[in-house]
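Every value quoted in this text rests on a predicted model; they were computed, and no experiment measured them. Here is how names work: the chains are called A, B, and so on, in the same order as the sequence lines, proteins then strands, and each is numbered from 1.
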Amino acid sequence: MNVRGPVVDAGEVRSVNTSYGQSDLFEVTVRPERGAMEPTRVTLWGKWAELADWIDEGMELLVTDAEADEYRGEVQLSTTGDSFVVVEPDFLVDVTDVRSWVQCPRMYYLNKLGGIPLNYPVVKGTLVHEVFGDLLRGRDIEESIEDRVEERAVDLGLLGRDPTEVADEVRKNAAAIEGWLNQGLLTEEDEWRSEQTLVSETFGIKGRADAVRRGIPVELKTGKNTRSEPRFQDKVQAACYALVLGEREAEYPDTGTLIYTKNTTLERIEESGDLSPAKDFSVSGGFLKYVVRQRNQIAATEFRGDVPTGYEADAKCEYCFEQDTCMVVSGRLGQESKAGTVGTPVPDEERAYFDTYYTAVEAERRAVHREYRKLWEQTAEERADDDRALIGLEPTGREEISAGRWRLTARKQPEAVSKIREGNLVLASEGHPTRERAELGRVERLDGEEIVVTTDEPLALRRVDVYPSELTVDRLLTALHDAILKGSPERKDLLFGRRAPEFAGSHETYIGNNEAQNEAVNLALNAEDVALVHGPPGTGKTYTLATILREFVERGDRVLLSAFTNRAVDNAMEALIDQGFDDVVRVGSESGVRDDMHEYLFEKRGDPVERANELREAPVVAATTASCGSRMLREQEFDVAVVDEAGQLTEPGTFLATNLAERFVLVGDHEQLPPVVQADESELHGSLFQRLIERYPDASVLLDRQYRMAQRIQWFSSQEFYDGKLRPATPEVAGRSLADLRGVDPSALPAHLRDRVTYLDPDGRQVGNTNPTEAEAVAETVQSFLDAGVAPDDVGVIAPFRAQVSEISRRLPEVAVDTVDRFQGSAKEVVVLSVTTTGDVESPIFEDHRRMNVALTRAKRALVVVGDEAALSSEPFYERLLRWARG
DNA sequence: GCTCTGCGCAGAGGA
């Protein structure tokens, strides 16, 4: 039987004599999660007893194949020879992390913290792996090499490598594999699967195997291995995959294969007479358990929030490549380290800051892990409700689009809604993402009836799940590392409030008709380190930002333009282009970047020198903050970073962009929506923008004149969020009404909708996160505006909940209906807000009043608030809102 | 018990 639950009590290790000889035992008490079982004592025998050093009360424990017996009248459990003990099974450890932990626990930590920079051996290794995958999928070797090298042009260009020489080197490595593969294929029936994504629900391990051959994991290594035996950490890596494969097939492979391409030089062949680059090794049950114990050490360390010292294992620091980094990091952070320390520690407050944010980012990582858990924990029905997956798909086709690239098509239920969008990374499966055949893929197309996914290998497409990614979390950590450990003292003095921002230079007129905007441009241009531009709704912050960018370029600065979302980056670029400047390189993915900006999209494929130069010499590079954390952009330097919608960025998120530049300008509005953060009790909720603007008001400018809303519409927001400072830019703006719109006849509207701000209580009732009666009233209201001549394109409907959005959307197919969060950044002539809730405003979504600020400031000429009076009267803020809306 | 965008997927290697 299996038992799983939190540890409520942990004892001491004892050594006892058994019929099999001397053995250690360690007793823990676990409160089982499922069933009505009382807390149960579980005895962990033999090597599992080492967990005594790692287990704390509160940690979750899973013991498989435990045996029940009665001892002194009490039923208790013991591990058996088949048992595995897994600490915090929900914490998904990467296979590569187990690998580095085995080398040295501190290397695991350092890799996580600093990331791995762009270097040639790694790029070459990646290339050989890609060619290997292509070979397995039947592609011609020369074609593959040529294509893959061309694909990596930027990396090779930035590293100053000649593509012909690189191709030669890759060819040497790949030829050895090809010869061996052909030999194998002639003699036996081989079944190969390349690039297998594996996730284990039992062992809390995830990773991607290079290949699986007849159920045996195959790991390719391009590095040198001069000894005849496989490297230990390579075996560990392959054994991890064996563990996950075994879980799925209910039988563990007893072998692993490692392929060392460098071993097949002519000299070696002559020396050993051995043609094969492949080495098989046996994977015993004992080895699998060793791997799980290592994985447990990582999970326990993360649970405790400990930092590995290196003493946990017996690696020798003098041979370690990371020794210098290790010593510097421990020196800067005052950490204990086996390698010793060098340098002076950062001040206490920086250390405290680092610790706080490190913990907060790790909490986000655990939130991502919870998403993974949902992959297998939920039933199909729950999954359908959760809308993270599309289930019950009917496979309709598969075609090979290029060697080893497949396009899978399936029919979906027209009413099935999900958060899956085109361009998303997904797990495509034949029914269950971890128990049945599954492939990582990308959504190519998605409409009402059909979904198209591209994958490396074909399968019958029956289900598509969102694939959670730790990528951004990893990048936040490196941004934190770069900012605090590698940041200049001047920059840090500023971040920690020890020095006020400085400004120097003359005051010029850049924008003649708006004093605040002109002030903002001056402030940005004169900033020696930072300038902050506070732009409430409709105040022309994007225009101002574009002017700032243009003036920076004019005087010879190289500029990074960044924001959290692709949409914001594209908008800012558009404004820049509107001002007549288009010498911009847009870094990003095809699916993320808006179609009309594709002509500026940076092409990574081609000639290395050309590609690298285009990037290095671009006066303006535009990318999301997540992209700024990519290896390619981390290599770039800028004079100044201009970050839009900075109020939506966490502090480490902001660093992703600002780390790359000498100076920075943050543009945003902290009175609109804050960063999206998964962990509730997190430091990440506040933005750097807000903290700096509060600390250094003199380094900021408030854009106080808005060009969007009629006076009546903007009043509430101005009073509640901007101390009444926000005002219409011109009398024309102040007096805006529907009558100004061509073809609109306001007198055709029902009387209760004729004012610029109106209120309506449809007497509905909240059902889940919807309110059907209210949705109906919203639809009727919108219809009234359409009947009065308002174009569908000029109307927007906003609701807090996604469920209510789809409820309304069904009734109004031709009108833009979206959540408040997704509406941020855009505006409409007419906006109808569906408050949805009834009785009270207790849901956490109503707690942050800034969400309402966004919702109420999208309308230019007419705003209708639709909601339950009782709910709106139940809290002072909403009561003021109601009073204003009623007029 | 709510909102949700990113990402060149994860891993590639060096004595």
**Q** Whole angstroms only, please: what is the OH-P distance between Y372(A) and dC9(B)?
**A**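 My rounded result for the distance is 11 Å.
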**Q** Testing K206(A), E470(A), E364(A) one by one against H369(A) for a side-chain hydrogen bond (donor to acceptor under 3.5 Å, both in side chains), which residue passes?
**A**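 Testing H369(A) for a side-chain hydrogen bond (donor to acceptor under 3.5 Å, both in side chains) against K206(A), E470(A), E364(A) leaves exactly one candidate, E470(A).
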**Q** Using 30° and 60° as the class limits, which term best fits the ring planes of F846(A) and F801(A): parallel, tilted or perpendicular?
**A**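 F846(A) and F801(A): perpendicular rings.
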**Q** Can you confirm whether Y260(A) sits close enough to P230(A) that some side-chain heavy atom of one is under 4.5 Å from a side-chain heavy atom of the other?
**A**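 A side-chain contact under 4.5 Å exists here.
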**Q** Answer with base, sugar-phosphate or nothing: what part of the nucleic acid does R567(A) contact at a heavy-atom distance below 4.0 Å?
**A**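 Sugar-phosphate, no base atom in range.
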**Q** Flag the pair L560(A) / C628(A) as yes when at least one side-chain heavy-atom distance between them is below 4.5 Å, and no otherwise.
**A**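 Result yes, sub-4.5 Å side-chain heavy-atom pair found.
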**Q** Grab the CG-P distance between L601(A) and dG8(B) for me, whole Å please.
**A**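 Rounded to whole Å, this separation is 10 Å.
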**Q** Taking Watson-Crick (N1-N3 plus N6-O4 or O6-N4) and G-U wobble (N1-O2, O6-N3), each under 3.5 Å, can you produce the dot-bracket string of DNA chain B? Use [ ] for crossing pairs and | for inter-strand ones.
**A** ...............
**Q** Would you mind classifying the nucleic acid contact of E318(A) as base, sugar-phosphate or nothing, using non-hydrogen atoms under 4.0 angstrom?
**A**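 Here E318(A) touches no strand at all.
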**Q** Should N111(A) be listed as having a side-chain N or O under 4.0 Å from OP1 or OP2 of dG13(B)?
**A**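 No, no such contact exists.
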**Q** Rounded off to whole Å, could you give me the CG-to-C1' distance for the L656(A) and dC7(B) pair?
**A**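 It works out to 12 Å between those atoms.
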**Q** Using atom CD of Q103(A) as one end and atom C1' of dA15(B) as the other, report the distance to the nearest whole Å.
**A**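 Distance, rounded to whole Å: 11 Å.
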**Q** Which heavy-atom pair separates R605(A) from A153(A) by the least distance, and what is that distance?
**A**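 What the structure gives for the nearest pair is C-CB, 4.0 Å.
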**Q** Please work out if T624(A) contacts a base, only the sugar-phosphate, or nothing of the nucleic acid, heavy-atom cut-off 4.0 Å.
**A**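 The answer is sugar-phosphate, as T624(A) gets under 4.0 Å only of primed atoms, P, OP1 or OP2.
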**Q** Looking only at the side chain of L471(A) (C-beta and beyond, no hydrogens), which of the listed nucleotides dG14(B), dG13(B), dC9(B) gets closest?
**A**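 Looking only at side-chain atoms, L471(A) lies closest to dC9(B).
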**Q** With respect to the phosphate group of dC4(B), does any side-chain polar atom (N or O) of T819(A) fall under 4.0 Å of OP1 or OP2?
**A**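 T819(A) to dC4(B) OP1/OP2: side-chain N or O found under 4.0 Å.
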**Q** Determine the interatomic distance between C1' on dC7(B) and the same-named atom on dG11(B); round to the nearest Å.
**A**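 Rounded to whole Å, the distance is 15 Å.
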**Q** For dC2(B), does OP1 or OP2 lie under 4.0 Å from any side-chain N or O of N769(A)?
**A**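 Yes, within the criterion.
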**Q** Output the rounded distance in Å from CD (E195(A)) to C1' (dA10(B)).
**A**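 Taking CD of E195(A) and C1' of dA10(B), I get 9 Å after rounding.
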**Q** From the options dA15(B), dG14(B), dC4(B), select the nucleotide whose nearest atom is closest to the side chain of M107(A).
**A**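 Looking only at side-chain atoms, M107(A) lies closest to dG14(B).
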**Q** Counting only side-chain heavy atoms from C-beta out, which of dC4(B), dG1(B), dG8(B) sits nearest to S589(A)?
**A**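 Output: dG8(B).
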**Q** Pick base, sugar-phosphate or nothing for E322(A), based on heavy-atom distances below 4.0 Å to the nucleic acid.
**A**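 If one applies the 4.0 Å heavy-atom cut-off, E322(A) turns out to touch a base.
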**Q** What is the nucleic acid contact for R631(A), judged by heavy atoms within less than 4.0 Å: base, sugar-phosphate only, or nothing?
**A**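 Contact class for R631(A): base.
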**Q** Rounded to the Å, how far apart are R442(A) CZ and dC7(B) P?
**A**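 Those two atoms, CZ and P, are 10 Å apart.
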**Q** For a side-chain contact (heavy atoms from CB on, under 4.5 Å) check, start with the C-alpha distance between L245(A) and V212(A), then their side-chain angles and the critical distance, and finish with the verdict.
**A** CA-CA 9 Å; L245(A) 287 166; V212(A) 179; 4.1 Å; yes
**Q** Got R106(A) and C326(A) here, is their nearest side-chain heavy-atom distance under 4.5 Å?
**A**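 A side-chain contact under 4.5 Å exists here.
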**Q** Does some side-chain heavy atom of F564(A) sit less than 4.5 Å from a side-chain heavy atom of E645(A)?
**A**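 In short, these two side chains do not touch, never coming nearer than 4.5 Å.
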**Q** When you get a sec, tell me which of dT3(B), dA12(B), dC2(B) is the closest nucleotide to the side chain of Q237(A)?
**A**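 The listed nucleotide nearest to Q237(A)'s side chain is dA12(B).
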**Q** Which listed nucleotide (dG11(B), dG8(B), dG13(B)) is nearest to the side chain of T222(A)?
**A**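 So the nucleotide nearest the side chain must be dG13(B).
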**Q** Report yes if a side-chain nitrogen or oxygen of R851(A) is closer than 4.0 Å to either non-bridging phosphate oxygen (OP1 or OP2) of dC2(B); otherwise report no.
**A**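 Answer is no, no contact under 4.0 Å.
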**Q** Any side-chain heavy-atom pair from L561(A) and M573(A) closer than 4.5 angstrom?
**A**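 A side-chain contact exists here, since the closest heavy-atom pair is under 4.5 Å.
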**Q** Under 4.0 Å between any heavy atoms, over every strand shown, what does G592(A) touch: base, sugar-phosphate, or nothing? Just pick one.
**A**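 Nothing, no heavy atom under 4.0 Å.
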**Q** Sort out for me which residue in R407(A), R137(A), R193(A) forms a salt bridge (Lys or Arg N to Asp or Glu O under 4.0 Å) with E457(A).
**A**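 Answer to the salt bridge (Lys or Arg N to Asp or Glu O under 4.0 Å) test with E457(A) among R407(A), R137(A), R193(A): R193(A).
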**Q** Suppose you measure atom C1' in dA12(B) against the same atom in dG8(B); what distance do you get, rounded to whole Å?
**A**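 Rounded to whole Å, the distance is 12 Å.
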**Q** Does any residue of residues 116-129 of chain A have a heavy atom under 4.0 Å from DNA chain B, and if so, which ones, in number order?
**A**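 Under 4.0 Å from DNA chain B: I116(A), N119(A), P121(A), V122(A), G125(A), T126(A), H129(A).
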**Q** Please figure out whether L220(A) or I845(A) has its closest DNA chain B nucleotide nearer the 5' end.
**A**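 Here I845(A) is the residue nearer the 5' end.
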**Q** Under 4.0 Å: is that the gap between some side-chain N or O of T96(A) and OP1 or OP2 of dG11(B)?
**A**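 So the side chain of T96(A) is within the cut-off, an N or O lying under 4.0 Å from OP1 or OP2 of dG11(B).
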**Q** So what does T565(A) touch, heavy atoms closer than 4.0 Å: a base, only the sugar-phosphate, or nothing?
**A**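 Sugar-phosphate contact only.
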**Q** Can you find a side chain N or O atom of Y467(A) that sits less than 4.0 Å from OP1 or OP2 on dG6(B)?
**A**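 No, outside the criterion.
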**Q** How close or far is atom C1' of dT5(B) from atom CD of E371(A), stated in whole angstroms?
**A**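 After rounding, the reported distance stands at 13 Å.
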**Q** Starting the side chain at C-beta, find the nucleotide from dG14(B), dA12(B), dC7(B) nearest to F321(A).
**A**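 Nucleotide nearest to F321(A)'s side chain: dG14(B).
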**Q** Between S144(A) and D134(A), which heavy-atom pair has the shortest distance, and what is it?
**A**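 Shortest heavy-atom separation between S144(A) and D134(A) comes out as OG-OD2, 2.8 Å.
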**Q** Within the structure shown, what part of the strands sits under 4.0 Å from S627(A) by heavy-atom distance: base, sugar-phosphate, or nothing?
**A**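 Sugar-phosphate contact only - S627(A) comes under 4.0 Å of backbone atoms but never of a base.
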**Q** In whole angstrom, what separates E847(A)'s CD from dC2(B)'s P?
**A**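 Taking atom P of dC2(B) as the reference, CD of E847(A) is at 13 Å.
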**Q** Taking only the side-chain nitrogens and oxygens of R802(A), find out if one of them lies under 4.0 Å from OP1 or OP2 of dC4(B).
**A**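 So the side-chain polar atoms of R802(A) do come within 4.0 Å of the phosphate oxygens OP1 or OP2 of dC4(B), strictly under.
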**Q** Would one find a side-chain N or O of R421(A) under 4.0 angstrom from OP1 or OP2 of dT5(B)?
**A**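 True: R421(A) side-chain N/O within range (under 4.0 Å) of dT5(B) OP1/OP2.
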**Q** So, OP1 or OP2 of dG1(B): does either fall under 4.0 Å of a side-chain N or O from Q678(A)?
**A**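 Indeed not, no polar side-chain atom of Q678(A) lies that close.
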**Q** So which atom in Q196(A) and which in A438(A) form the shortest heavy-atom distance, rounded to 0.1 Å?
**A**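 Taking Q196(A) first and A438(A) second, the nearest heavy atoms are OE1-O, 4.1 Å.
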